[in-house]
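Throughout, numbering of the chain's residues begins at 1 and tracks the sequence. In what follows, every heavy atom counts, from backbone to side chain, and hydrogens, waters and symmetry copies are set aside.
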Amino acid sequence: MKSSLKVKLLQHLAAKKSGNAGFTLIELLVVIIIIGILSAIALPSFLNQANKAKQSEAKTYVGSMNRAQQAYYLEKGTFSAIGVANVADNDAAIGALGLGIQTDTEYYSYAITAGDAGTAPNTFKAVTNGAQPLSDSLKAYLGGVQIGTQAGTGEATTLASLCEAVKAPVQTGAAGTEVFAFTFNAAGGDGAPVCPNLNADPAGYTPVN
């Protein structure tokens, strides 16, 4: 190979190497902008998934409280619902279910509310198992259990519902202002308890399947 051709080849390789030595300011700005856009899209989704993970605790616990209330009724003939007159009563009512759950966790506070309804005293029992969020970004959960008749068969049994707040308190007001009252059916009526304010905004609840 001629020396002049070698020189030109070496010059070409040297120029190509020096041209790939780094990024220009425009290229860096474009990369930063792309990263910023991706972060803006991904961050809300990540935070939402984190909240869903925390809410799964309440959904699981309240659902378990519903099932435990039904089992408790089959054994005792009444619900575990000492009431919420004080913390000790509530702790005892939840402890009697034998679930081994804490009444206060990092994200939720759990409570049981009892009540009688119907045309005659003690003919109809109702109980609400509630999960009160301790963070304004988490949704509230309600579990309701009652004695009624199954639609279609007419058999008396315990009927339960699990409900999730449509919106978190951050969208509806401070935590602690959520509605915690089921619409229970009349004594011996068909169907499970109805989620409170199902179609209301902002305090509505929706059934959890």
Side-chain angles (χ1 to χ4, degrees), residues 51-118 121-148 156-169 172-185 187 191-198 203-209:
N51 284 338
K52 284 184 178 180
K54 295 174 183 177
Q55 289 169 181
S56 66
E57 173 204 291
K59 189 185 301 184
T60 300
Y61 279 14
V62 175
S64 297
M65 290 168 71
N66 276 1
R67 292 185 290 274
Q69 290 282 13
Q70 292 176 296
Y72 190 92
Y73 190 90
L74 289 175
E75 181 181 354
K76 306 286 187 180
T78 185
F79 290 115
S80 174
I82 298 173
V84 290
N86 54 60
V87 174
D89 283 348
N90 185 65
D91 289 353
I94 293 178
L97 295 177
L99 295 174
I101 66 173
Q102 296 179 333
T103 54
D104 291 290
T105 65
E106 184 177 355
Y107 307 116
Y108 282 90
S109 180
Y110 299 90
I112 295 177
T113 304
D116 292 338
N122 301 320
T123 58
F124 169 70
K125 300 284 186 178
V127 63
T128 298
N129 305 305
Q132 169 67 54
L134 301 179
S135 168
D136 288 346
S137 62
L138 301 177
K139 294 180 179 180
Y141 287 84
L142 281 178
V145 186
Q146 71 173 65
I147 300 300
T157 184
T158 54
L159 305 170
S161 294
L162 177 60
C163 304
E164 178 186 78
V166 175
K167 296 180 179 179
T172 62
T177 61
E178 297 84 358
V179 175
F180 278 89
F182 264 90
T183 301
F184 289 99
N185 298 312
V194 179
C195 293
N197 300 314
L198 182 59
Y205 284 77
T206 184
V208 177
N209 296 324

Exercise: identify the closest heavy-atom pair between [X] and [Y]:
X: Y205; Y: A165; answer: CD2-N, 3.5 Å
X: R67; Y: T60; answer: NH2-O, 4.4 Å
X: L97; Y: S80; answer: CD2-CB, 3.6 Å
X: Q55; Y: E164; answer: NE2-OE2, 4.5 Å
X: T103; Y: N90; answer: CG2-ND2, 4.0 Å
X: D136; Y: A168; answer: O-CB, 3.6 Å

Are the aromatic rings of F79 and Y72 close, with centres under 6.0 Å apart?
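No, too far apart.
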Student check: side-chain heavy atoms of [X] and [Y] closer than 4.5 Å:
X: Y110; Y: Q132; value: no
X: Y108; Y: Y141; value: yes
X: N129; Y: Q69; value: yes
X: L134; Y: S109; value: yes
X: Q102; Y: I94; value: no
X: T113; Y: V127; value: no
X: L142; Y: V62; value: no
X: L159; Y: I147; value: no

Heavy-atom donor-acceptor pair, S161 side chain to P193 backbone, under 3.5 Å:
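Pair found, side chain donor or acceptor close to backbone of P193.
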Donor-acceptor under 3.5 Å (T158 side chain, Q146 main chain):
no
Between NZ on residue K139 and SG on residue C163, distance to nearest 0.5 Å:
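Between atom NZ of K139 and atom SG of C163 there are 13.0 Å.
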As an exercise, state the distance from CG of D104 to CG of D91, rounded to the nearest 0.5 Å.
7.5 Å
E57-T105 side chain donor-acceptor pair, cut-off 3.5 Å
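Yes, because at least one side-chain N or O of E57 sits under 3.5 Å from a partner of the opposite role on T105.
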Would you check, one step at a time, whether the test side chain to side chain contact (heavy atoms under 4.5 Å, CB included) holds for T157 with Q70?
CA-CA 9 Å; T157 184; Q70 292 176 296; 5.9 Å; no
